[in-house]
Amino acid sequence: MDPVVGAVSELLAHARGHEAASVFGLIPTIERLRDRPLQVVRSDHLAPGVFGVWRSYPERDEIHYAPWVATPDRTVAHEFGHMLLGHRGVPALETAKRTLPPEWHDMASLMLRECGQLDGLDEPRRRLEVEAEAFASELCRRIAGAGGARSARIRSLLNEAL
Ligand SMILES: [Zn+2]
């Protein structure tokens with residue numbers, strides 16, 4: 001099986017009750033799978049053009065998404081993809097700044113992986129972005145295919161995005 005499709009199937013297989021009815025509903029599912037807390041927050045503090053970012057702390061994960069994204073479900077599903085496909089989250093910028101000399105701070109900001117456009121990414125990073133995007137497509141497609149009013153809403157959001 002395609003590893004991306006497999007990761008989506010595994011996530012959905014662990015969903016309980018109505019968790020699989022929406023992308024945000026799957027937050028507790030991922031917390032159980034990874035055995036650590038996951039917080040998803042709308043953030044005004046992302047760099048311009050950044051859709052979302054997964055910040056990995058020693059004892060928890062956070063996903064931040066920009067307030068202007070047209071489809072928060074899709075953006076968050078993309079970050080779920082990075083988490084569940086074994087990609088590495090970025091450590092918080094503050095952590096990088098604490099451990100690096102001041103002259104490196106601009107470089108640290110650049111190095112932190114934040115998800116926006118593919119332009120200017122090197123090949124390995126571009127591949128990770130494409131994988132996460134494939135995960136988001138598959139997850140949103142399967143949630144939408146499950147039927148119900150909620151999925152119709154997600155479908156209309158997806159149509160807006162296309
Ligand atoms: Zn990404």
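Whatever order the structure lists ligands and atoms in, that order sets their numbers, starting from 1.
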Not counting sequence neighbours, which residues clear salt bridge (charged side-chain N to carboxylate O under 4.0 Å, His left out) with Arg127? List them please. Glu131
Would His78 and Glu129 count as a side-chain hydrogen bond (donor to acceptor under 3.5 Å, both in side chains) if you check the C-alpha gap in whole Å, the side-chain angles of each, and the deciding distance to 0.1 Å? CA-CA 8 Å; His78 175 106; Glu129 291 311 316; 2.9 Å; yes
Aromatic ring proximity Trp54/Tyr65, centre distance under 6.0 Å: no
For Glu138, give me all partners under salt bridge (charged side-chain N to carboxylate O under 4.0 Å, His left out), at least two apart in sequence or on another chain. Arg141, Arg142
Contact check: Glu79 to the Zn ion (ligand 1), N/O/S below 2.8 Å: no
Among N, O or S atoms, Glu129 approaches the Zn ion (ligand 1) most closely through OE1
Of all N, O or S atoms in His78, which has the smallest distance to the Zn ion (ligand 1)? NE2
